[in-house]
Every structure is written in structure tokens, then in C-alpha cells.
Amino acid sequence: MQTLQKPLASLLIKPAGPDCNLSCDYCFYLEKAELFNSKQTHRMTGAILEEVVRQAMRQAGREINFIWQGGEPTLMGLDFFRKAVELQQRYGRDQTVGNGLQTNGLLIDSQWAQFLRSYQWLVGLSLDGPQHVHDHHRKTGRGQGTWEPVVESAKRLLDAEVAVNALVVVTDYSVRFAQEIYEFHKNLGLNYMQFIPCVEADKQDPSAVSSFSVPSEPYGHFLCQLFDLWMDDFTDLTPTTSIRFFDSLFYQYLGLPAPECTLLPECGNYVVVEHNGEVFSCDFFVQPAWRLGNVMYSRLSDMLNAEKQRQFGRRKAHWPDTCGDCRWLGHCAGGCPKDRLRGQGPEKQNHLCSAYQIFFEYSDQRFRDLADKWKRRNQLTKF
């Protein structure tokens with residue numbers, strides 16, 4: 001039986017590799033410098049940029065999305081991204097092109113804001129909440145907080161009418177402040193929020209989580225509080241704020257595939273391109289075992305559909321026996337494989353298992369009711 005080819009629809013590109021102008025306590029990517037050359041600055045060359053864009057535009061279908069991430073991608077300078085847009089236009093074939101920039105915001109000035117608005121880029125801004133929350137873990141190399149300049153960048157982007165999502169990492173500390181964080185972002189004008197649970201292995205004991213990782217049961221209660229706040233802000237079956245995890249779950253309740261990859265039954269629908277052209281299976285698995293090749297010598301679509309990438313994707317379904325008996329497996333799909341730290345062997349349990357059980361038990365009926373009402377209203381609208 002012939003295997004269906006996955007379309008090249010999305011690329012995650014790290015043009016400055018693991019380099020960053022911050023030193024956040026919970027960052028998992030700074031240590032990736034050891035894979036390359038930790039003594040040098042990591043920057044994507046013009047030749048590699050052109051090859052990445054050329055291949056993407058030629059091998060993609062009607063739509064292609066570029067997600068520029070790091071480290072900190074703005075370290076490349078604005079001219080690098082102007083060149084990227086020029087190359088997309090040169091090699092495009094009447095396609096719809098999306099660009100997303102994930103940034104800590106420190107280098108975002110008025111020129112950046114104008115560029116991002118002009119080309120309709122979506123910005124994911126790392127802002128963990130009010131000052132005491134954000135500065136708890138997000139610091140400079142000298143240990144200074146970064147909240148004030150990031151908030152100024154948020155205002156600058158919003159004033160320029162740039163589409164901005166708040167990227168909020170939930171840690172051992174911030175998990176206590178669900179309402180305060182939600183209201184802070186809403187009052188600032190950041191109505192699109194993505195909450196990212198921090199789950200990192202302890203460096204001394206890989207089967208345990210680090211001290212700054214979010215505890216599972218408190219995270220479950222955090223999600224419940226957040227869900228109430230989200231639901232309270234609905235107007236006529238329409239949310240006035242967007243929380244990506246809840247939006248994705250609602251897709252499931254409507255019988256549609258979830259947009260968030262952690263909720264899908266299989267991984268591997270995109271690839272990561274590092275600054276030197278090396279291609280890997282996933283942002284969280286930039287490691288030699290999951291290296292797929294190099295864009296200067298191999299085709300992106302071939303690497304996306306390589307047997308190693310398919311093997312990577314199938315690993316997600318290797319969950320412990322307890323998952324098979326869980327009524328919520330159809331929603332969480334075992335969670336992100338990088339969060340499976342508890343136990344031994346390939347079928348480890350997800351650290352966030354109890355969090356998901358708490359939250360799904362709490363929210364399931366209201367999601368069902370919301371989906372039923374939404375379906376009825378839209379059926380009536382059709383006629």
C-alpha cells in the first residue's frame with residue numbers, strides 16, 4: 001500500500017540558532033549550542049536562506065507558512081527578513097504565504113513594527129504576565145528583569161496594528177496566578193494568548209522534572225480557572241479572547257482535527273531548519289537522533305516524508321497501558337512526547353497526565369454544550 005505524502009505546508013526556521021539576548025531560567029534551547037560550535041555566533045548565511053525559501057516556495061502547494069524562531073530570531077537584523085520576503089516574492093507561484101515571528105521583543109522598534117504590519121506577519125511575543133511573574137524567570141544574562149521593555153514592545157506592536165499573540169510559559173511560580181495573568185494580557189490588549197506548560201527534565205535526574213517546571217495537579221487547576229475566565233468572556237457563543245489550547249479542543253468537540261500539534265494522534269507534520277541548514281524532526285527534538293539531513297543537499301519535502309520522520313511521528317502512539325484505559329485519551333492523544341518523563345522505557349507517562357484528567361473532567365460537559373449550541377446555530381444560519 002502506497003504511503004500518502006505529507007504536503008510541505010509549514011517550516012520552523014531558526015536563523016540565529018540557539019543564540020539569544022536573554023538567559024531565561026527555563027530555556028531549553030540555549031544548550032543546543034553544544035550541537036554546533038558553542039564558541040561562535042550562529043547566523044544563517046544568505047545562501048542557506050535563499051535555498052530554504054526557494055525549496056519551500058517550489059515544493060509547497062497553494063499555501064506555505066514560515067515560522068521564524070530561536071533562540072532570538074531578531075538578532076539577525078531587519079534586513080535579513082526583508083531579504084526573506086524578497087525571496088518569497090521571487091520564487092512564489094501565486095501562493096498564499098504566511099510568516100510568523102516568535103520573539104522576546106527586546107529589539108522590536110518602530111521600524112520592526114512597520115515592517116511586520118506592512119507584510120502582515122503574525123508575532124508571538126514572549127510575555128509571561130505582570131512584572132512579578134514575567135521577571136521571575138525571564139532575565140538578562142546579568143540577572144535583570146525584562147518586563148518593562150517587553151511591555152513597551154507589545155504596546156508598539158499593538159499601536160502599529162500588528163497581529164500579536166502573547167506566548168505565556170506556565171512555571172512553578174506563575175501557575176498560582178491564572179486570573180492575574182489572564183486579566184493582565186486582556187487589559188494590555190493581547191486578546192490572543194498561548195499558554196505553554198514548562199516541563200523540563202532535571203539535569204541530574206532525567207526521569208524527574210526541574211524545579212521550575214509546572215507541577216501537574218496545580219496546572220490542572222490553573223487550566224480550570226483559565227477556562228472559567230475564557231467562558232465568562234463569551235458573547236453570543238463567540239469568545240472575545242482566544243486561548244489556543246481551548247480553541248484547539250473546541251475543534252475536537254466539533255469533530256475537526258485540532259490545530260495544536262500536541263493534541264494530534266501523530267507528530268511530524270513540519271520540520272525544523274537550523275541556522276546552518278541542518279533539518280530536524282521537531283523543535284523539541286533538535287538532536288542527532290532526529291537529524292533528517294541538510295537543506296543544501298536534500299529536498300525539504302523528501303525529508304518531511306522520510307522514513308525517519310514517519311518513525312518519529314508514530315512514536316507518539318507508544319503510550320503506557322494506563323493511557324489506553326483513560327477516557328480522555330481521544331482528547332490529549334498522550335500529550336507532547338517531550339513531556340513524557342515519568343517512568344522508564346519508551347512508554348513513559350506524561351508529566352501532565354493528572355493535569356489533563358482534572359481539566360477534562362471539569363470542562364467536558366461545557367465543551368459539549370457549547371459545541372451543540374454552535375452546531376445548531378450554524379445549521380440554522382445555512383437555511
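All values below come from the heavy atoms of this structure, side chains included, with hydrogens, waters and symmetry mates left out. Owing to the predicted nature of the structure, the values given are computational and were not obtained by experimental measurement.
Between E86 and R90, at least one side-chain N (NZ, or NE/NH1/NH2) sits under 4.0 Å from a carboxylate O, which counts as a salt bridge. Using a cutoff of 4.0 Å between basic side-chain nitrogens and carboxylate oxygens, D364 and R368 are scored as salt-bridged. A salt bridge links D228 with R366: the distance from a Lys NZ or Arg NE/NH1/NH2 to an Asp or Glu carboxylate oxygen falls below 4.0 Å. Note on K14 versus D283: salt bridge recorded, some NZ/NE/NH1/NH2 to OD/OE distance being below 4.0 Å.
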* After noting the C-alpha distance and the side-chain angles of M57 and V97, does the key distance pass the side-chain contact (heavy atoms from CB on, under 4.5 Å) rule? -> CA-CA 9 Å; M57 301 307 296; V97 180; 3.5 Å; yes
* Asked: Do F80 and W68 pass the side-chain contact (heavy atoms from CB on, under 4.5 Å) test, and can you show the C-alpha distance, the side-chain angles, and the key distance before you say yes or no?
  -> CA-CA 11 Å; F80 175 89; W68 306 90; 3.9 Å; yes
* Go through the steps for W328 and Y356 under the test ring pair (Phe, Tyr, Trp, His ring centres under 6.0 Å), then give the verdict. => CA-CA 8 Å; W328 307 119; Y356 290 141; over 10 Å; no
* To do: Kindly determine whether C326 and Q357 satisfy side-chain contact (heavy atoms from CB on, under 4.5 Å), including the steps that lead there.
  => CA-CA 9 Å; C326 179; Q357 290 175 339; 4.0 Å; yes
* Criterion ring pair (Phe, Tyr, Trp, His ring centres under 6.0 Å) on F81 and W112, from CA distance to verdict -> CA-CA 10 Å; F81 293 96; W112 268 102; 5.6 Å; yes
* To do: In sequence, state the C-alpha distance, the side-chain angles, and the governing distance for R93 and R62, and then conclude on side-chain contact (heavy atoms from CB on, under 4.5 Å).
  => CA-CA 8 Å; R93 298 172 290 109; R62 300 300 305 162; 5.9 Å; no
* To do: Test Q55 against Y91 for side chain to side chain donor-acceptor pair (under 3.5 Å), laying out the working first.
  => CA-CA 9 Å; Q55 284 202 37; Y91 290 112; over 6 Å; no
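For an aromatic pair to be called close, the ring centres must be under 6.0 Å apart, and F246 with F250 fails this. Between F177 and Y182, the distance from one ring center to the other does not fall under 6.0 angstrom. For an aromatic pair to be called close, the ring centres must be under 6.0 Å apart, and F212 with H136 fails this.
In plain terms, the two heavy atoms of F115 and V85 that are nearest each other are CZ-CG2, 3.9 Å. Looking at every heavy atom in both residues, A333 comes nearest to L263 through CB-O, 3.7 Å. Of all heavy-atom pairs between S10 and I67, the closest is OG-CD1, 3.2 Å. The minimum heavy-atom distance between L8 and L300, with the atom names listed, is CD2-CB, 4.0 Å. The minimum heavy-atom distance linking N21 with E72 is given by the pair OD1-CG, 3.7 Å. Summarising the geometry of S210 relative to S213, their closest heavy-atom pair is OG-OG, 2.8 Å, with the distance given to 0.1 Å.
By the salt bridge (charged side-chain N to carboxylate O under 4.0 Å, His left out) test, R244 is found to be paired with no residue, residues two or more places apart in sequence or in another chain being considered. For K308, the side chain to side chain contact (heavy atoms under 4.5 Å, CB included) test picks out W290, L292, with sequence neighbours left out. Residues meeting the salt bridge (charged side-chain N to carboxylate O under 4.0 Å, His left out) test with D159, sequence neighbours left out: none. The side chain to side chain contact (heavy atoms under 4.5 Å, CB included) search around N294 returns E278, R291, M296, Y297, not counting sequence neighbours. Here D247 pairs with nothing under the salt bridge (charged side-chain N to carboxylate O under 4.0 Å, His left out) rule; sequence neighbours left out. Legend: residues meeting side chain to side chain contact (heavy atoms under 4.5 Å, CB included) with S153, ordered by chain and number and at least two apart, are I108, R156. Taking the salt bridge (charged side-chain N to carboxylate O under 4.0 Å, His left out) definition, one finds that R314 meets it with E307, sequence neighbours left out. Among residues two or more places apart in sequence or in another chain, the side chain to side chain contact (heavy atoms under 4.5 Å, CB included) test is passed with C224 by I358, F359, Y362.
Between the side chains of Q349 and T322, not a single donor N or O lies within less than 3.5 Å of an accepting N or O. For the residue pair N305 and Q309, no side-chain donor N or O sits within less than 3.5 Å of a side-chain acceptor on the partner. A side-chain N or O of H42 and one of D19 form a donor-acceptor pair less than 3.5 Å apart.
By the 4.5 Å heavy-atom criterion applied to side chains, R138 and V150 are not counted as neighbours. H331 places a side-chain heavy atom less than 4.5 Å from the side chain of Y253. The closest side-chain heavy-atom distance from F234 to L370 is below 4.5 Å. Put simply, the side chain of E274 does not reach to within 4.5 Å of the side chain of V295, judged on heavy atoms. Side-chain contact check for R327 versus F360: every heavy-atom pair is 4.5 Å or farther apart. A 4.5 Å side-chain heavy-atom check between V162 and L158 finds every atom pair outside the cut-off. At least one side-chain heavy atom of H132 sits less than 4.5 Å from a side-chain heavy atom of Y173. Residues V271 and L12 have side chains not in contact (no heavy-atom distance under 4.5 Å, counting atoms from C-beta outward).
Clustering ILVMFWY residues whenever any of their side-chain heavy atoms sit less than 4.5 angstrom apart, transitively, puts V133 in a cluster other than the one holding L167. Linking Ile, Leu, Val, Met, Phe, Trp and Tyr whenever their side-chain heavy atoms come within less than 4.5 Å leaves V272 and M303 in two separate clusters.
Atom CD of Q89 has more than 12 neighbouring heavy atoms from other residues, nucleotides or ligands inside a 6.0 Å radius. Heavy atoms from other residues, nucleotides or ligands lying under 6.0 Å from CD of E180 number more than 12. Counting heavy atoms of neighbouring residues, nucleotides and ligands inside a 6.0 Å radius, atom CD of Q95 exceeds 12 of them. Within 6.0 Å of the CG atom in D236, the count of heavy atoms belonging to other residues, nucleotides or ligands exceeds 12.
Both tests pass for R315 against the ring of F285: distance under 6.0 Å to the centre and angle within 45° of the axis.
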Acceptor/donor pairs from residues 124-131 side chains to any protein atom, 3.5 angstrom cut, sequence neighbours excluded:
residue : atom : partner : partner atom : Å
D128    : OD1  : V169    : N            : 3.0
D128    : OD2  : Y26     : OH           : 2.7
Q131    : NE2  : D135    : OD2          : 3.4

Between side-chain atoms of residues 187-203 and protein atoms elsewhere (two or more places apart, or another chain), which donor-acceptor pairs fall under 3.5 Å?
residue : atom : partner : partner atom : Å
N187    : ND2  : E183    : O            : 3.0
D202    : OD2  : Q204    : N            : 2.8
D202    : OD2  : D205    : N            : 2.9
K203    : NZ   : E31     : OE1          : 2.8

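Taking Ile, Leu, Val, Met, Phe, Trp and Tyr as hydrophobic and joining them when side-chain heavy atoms fall under 4.5 Å apart, one finds L75 in a cluster with L107.
Of the possible polar contacts, one joining the W230 side chain to the T241 backbone as a donor-acceptor pair under 3.5 Å is found. Using modelled atom types, no side-chain atom of T235 and backbone atom of T238 make a donor-acceptor pair closer than 3.5 Å.
Sorted by first and then second residue, the pairs that involve residues 258-267 and meet side-chain hydrogen bond (donor to acceptor under 3.5 Å, both in side chains), not counting sequence neighbours, are E260-T262.
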